Amino acid sequence: MSDKQEQLCDLCLSVWTGECSEEERLAFERHLPGCEACRAEWDDLQLAWGALYADMEKIEPPADLKRQVMNAALAADKALADKAEGAAPNAVRWRPGKRRAGRSRWWAVSASILLVLLAISSVWNYKLYRESGRSPLPIERALSVPASQVKLAVPLRSQAPEASQAFGIACVVDNGKSRQFIVYVYGASPTSGEEAYQVWLLKDGVRKSAGTFRVADNDNGQGLGVLAMPIEAASLDFDKIGITLEPDDRGDQPRGEKMFGSA
Amino acid sequence: MHNLTEYELMLLVKHKRQEALSVLYDRFASLVYSYALRSVRDEQAARDIVQSVFVRLWTTESDYDADKGKFTNWLITVTRNITTDWLRKQRRHTEGTVAYTAEELARIPGDEDASPEASAERESLKGQIRNAYRHLTGPQIELLEHFYWQGFTLRELAARYGEPLGTVKNRLHQALKILRRHLVAEGEW
């Protein structure tokens with residue numbers, strides 16, 4: 001082995017620990033694939049180094065830390081989105097005072113106003129991220145929301161003989177940040193007064209309300225009805241979907257006639 | 001989601017699926033927390049490090065590449081980088097070190113290997129590394145503590161020990177070689 005080769009072999013540990021110059025690192029990276037001894041040495045270092053962390057006691061983190069971490073992740077998203085949107089309009093421009101004595105007073109005033117603005121903006125941001133944990137981001141923040149995709153679509157057939165042309169679809173729409181359960185019906189009879197259509201999710205023989213909607217009489221007879229509900233749980237589990245026409249939108253069990261159903 | 005591999009979960013994390021981050025947290029929070037606590041020995045700092053690690057997973061552009069090794073090793077590298085940054089910042093403020101006492105250093109190799117618990121532990125990576133540590137000298141253990149766990153550079157340690165850089169580097173090299181010889185195979189903590 002030449003002296004130069006040996007010098008390169010001696011770099012192995014320095015490159016591994018990152019304590020070398022950029023030239024040395026590049027030279028060693030070029031040398032490594034062709035040197036069997038260095039490859040073996042590199043693998044050995046990797047194995048020994050990769051085991052060092054195991055010399056510790058396993059300690060469970062405090063139970064409340066998870067919430068803190070998840071909230072921090074959301075807040076980091078907001079911070080990144082805000083950064084991308086440009087600087088927040090917190091900067092208040094003040095004309096410099098003519099006199100030195102006036103300058104410090106203006107600084108004090110502008111600093112106070114900035115502090116107040118910052119406090120208001122913090123409260124507002126906190127409110128926004130609290131709300132965003134519960135519901136989808138609004139259309140005004142559309143730039144922060146990835147593309148939606150239908151994850152599940154269930155066709156709904158009319159069960160009412162007098163509205164046999166009616167149909168509907170229920171779907172789960174996911175944009176990576178939030179998911180929604182959405183139901184559309186077409187050709188449904190208009191509701192009157194307190195009446196409302198109620199969507200039921202049937203699981204193991206148990207019906208749970210997924211929400212209510214009304215169908216107006218003024219949409220040129222299309223009988224269009226829409227329900228959109230955010231999904232909080234990891235999965236929306238159901239066997240069948242049914243839609244009934246209820247006397248009001250407050251029932252927790254079906255009382256009215258079934259109007260639509262999944263196959 | 002709980003059946004997904006770490007690689008699959010990281011792909012979902014890139015698509016901002018919070019459940020995926022939640023599952024990764026459930027799987028690895030104790031690893032990250034234990035590492036941070038072992039390193040900084042301060043509960044509040046360890047909490048902050050766990051938060052930084054998972055926020056970095058959530059917001060990072062860098063990918064975990066399954067072909068380049070186990071997720072655990074990648075995560076430990078991320079954790080060590082963040083922990084080292086924290087320790088170095090602390091040192092800039094205090095100009096001090098998180099000193100290990102002689103008793104703490106002496107305890108590391110462990111000599112309780114006769115018990116059934118110890119023999120079970122030996123099969124794990126933790127058992128293996130602890131067993132391998134018994135073959136190291138005091139200065140080698142001290143060097144690993146300072147270099148690996150406390151994030152000192154070799155140059156800083158050479159100055160601290162009053163020794164030439166080459167000597168310290170060689171000591172680290174020997175220590176890692178000895179550990180390698182006594183590690184049977186890769187395992188999990």
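Each chain gets a letter, A, B and so on, in the order the sequences are listed, and its residues count up from 1. Fair warning: this is a prediction, and the values are worked out from it, not measured in the lab.
Interface summary for chain A: among B/Phe54, B/Tyr148, B/Trp58, the most heavy-atom pairs under 4.5 angstrom belong to B/Tyr148. In terms of heavy-atom pairs under 4.5 Å with chain B, the best-connected choice from A/Ser14, A/Ala73, A/Cys12, A/Gly18 is A/Ala73. Taking B/Leu179, B/Leu176, B/Val32 one by one and counting their heavy-atom pairs under 4.5 Å with chain A, the maximum is reached by B/Leu176.
Heavy atoms closer than 4.5 Å to chain A are found in both the backbone and the side chain of B/His173. If you measure heavy-atom distances from B/Leu154 to chain A, the contacts under 4.5 Å come from both the backbone and the side chain. For A/Leu45, the part lying under 4.5 angstrom from a heavy atom of chain B is the side chain only. With a 4.5 Å cut-off on non-hydrogen atoms, B/Leu12 does not touch chain A at all. Heavy-atom distances place no part of B/Thr79 under 4.5 Å from chain A, backbone and side chain included. Contact annotation for B/Tyr25: only side-chain heavy atoms (C-beta onward) come within less than 4.5 Å of a heavy atom of chain A. With a 4.5 angstrom heavy-atom cutoff, B/Arg80 touches chain A only via side-chain atoms.
In plain terms, the two heavy atoms of A/Glu60 and B/Tyr33 that are nearest each other are O-CE2, 3.7 Å. Taking all atoms of both residues into account, the shortest heavy-atom contact from A/Gly50 to B/Leu125 is O-CD2, 4.5 Å. Of all heavy-atom pairs spanning B/Trp149 and A/Leu52, the tightest one is CZ2-O, 3.4 Å.
The residues A/Glu57 and B/Arg41 are annotated as not salt-bridged, no charged nitrogen and carboxylate oxygen being separated by less than 4.0 angstrom. Electrostatic pairing of B/Lys169 and A/Asp10 does not count as a salt bridge here, judged by no charged N lying under 4.0 Å from a carboxylate O. Using a 4.0 Å cut-off between a side-chain N of Lys or Arg and a carboxylate O of Asp or Glu, B/Lys16 and A/Asp77 qualify as a salt bridge.
Between the CZ atom of B/Arg181 and the CG atom of A/Leu47 there is a distance of 13.5 Å, given to the nearest 0.5 Å. Put simply, CD1 on B/Ile129 and OH on A/Tyr53 are 10.0 Å apart, with the number rounded to the nearest 0.5 Å. Separation of atoms CG (B/Leu144) and CH2 (A/Trp49) is listed at 8.0 Å; rounding is to 0.5 Å. Taken to the nearest 0.5 Å, the CD atom of A/Glu41 stands 5.0 Å off from the NZ atom of B/Lys177. Separating the CG atom in B/Leu21 from the CE atom in A/Met70 is a distance of 4.5 Å, to the nearest 0.5 Å. Atom CZ of B/Arg155 and atom CD of A/Glu19 lie 7.0 Å apart (nearest 0.5 Å).
Atom CZ of B/Phe71 has more than 12 neighbouring heavy atoms from other residues, nucleotides or ligands inside a 6.0 Å radius. For B/Gln174, the CD atom counts as densely surrounded, since its 6.0 Å shell holds more than 12 non-hydrogen atoms of other residues, nucleotides or ligands. Under a cut-off of 6.0 angstrom, the local environment of NE2 in B/His15 is sparse, with at most 12 non-hydrogen atoms contributed by other residues, nucleotides or ligands. By the neighbour-count criterion of 12 heavy atoms within 6.0 Å, atom CZ of B/Arg27 is densely surrounded, having more than that number from other residues, nucleotides or ligands. For A/Lys203, the NZ atom is densely surrounded, since the number of other residues' heavy atoms within 6.0 Å is greater than 12.
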List the steps and the verdict of side chain to side chain contact (heavy atoms under 4.5 Å, CB included) for B/Glu19 and A/Arg179. CA-CA 12 Å; B/Glu19 313 94 279; A/Arg179 289 172 307 129; 4.3 Å; yes
Just do the side chain to side chain contact (heavy atoms under 4.5 Å, CB included) check on A/Asp64 and B/Arg47 with the steps written out, would you? CA-CA 10 Å; A/Asp64 66 313; B/Arg47 288 176 68 103; 2.9 Å; yes
I'd like to know whether B/Asp26 forms a salt bridge (charged side-chain N to carboxylate O under 4.0 Å, His left out) with A/Lys66, so could you lay out the CA-CA distance, the side-chain angles of the two residues, the decisive distance to 0.1 Å, and finally the verdict. CA-CA 8 Å; B/Asp26 292 342; A/Lys66 184 172 182 182; 2.8 Å; yes
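You'll find the side chain of A/Met56 stays beyond 4.5 Å of the side chain of B/Leu37, heavy atoms only. A 4.5 Å side-chain heavy-atom check between B/Leu31 and A/Lys58 finds every atom pair outside the cut-off.
In this structure, B/Ser34 contributes its side chain and A/Ile59 its backbone to a donor-acceptor pair below 3.5 Å. Between the B/Arg38 side chain and the A/Asp55 main chain, a donor and an acceptor come within less than 3.5 Å of each other.
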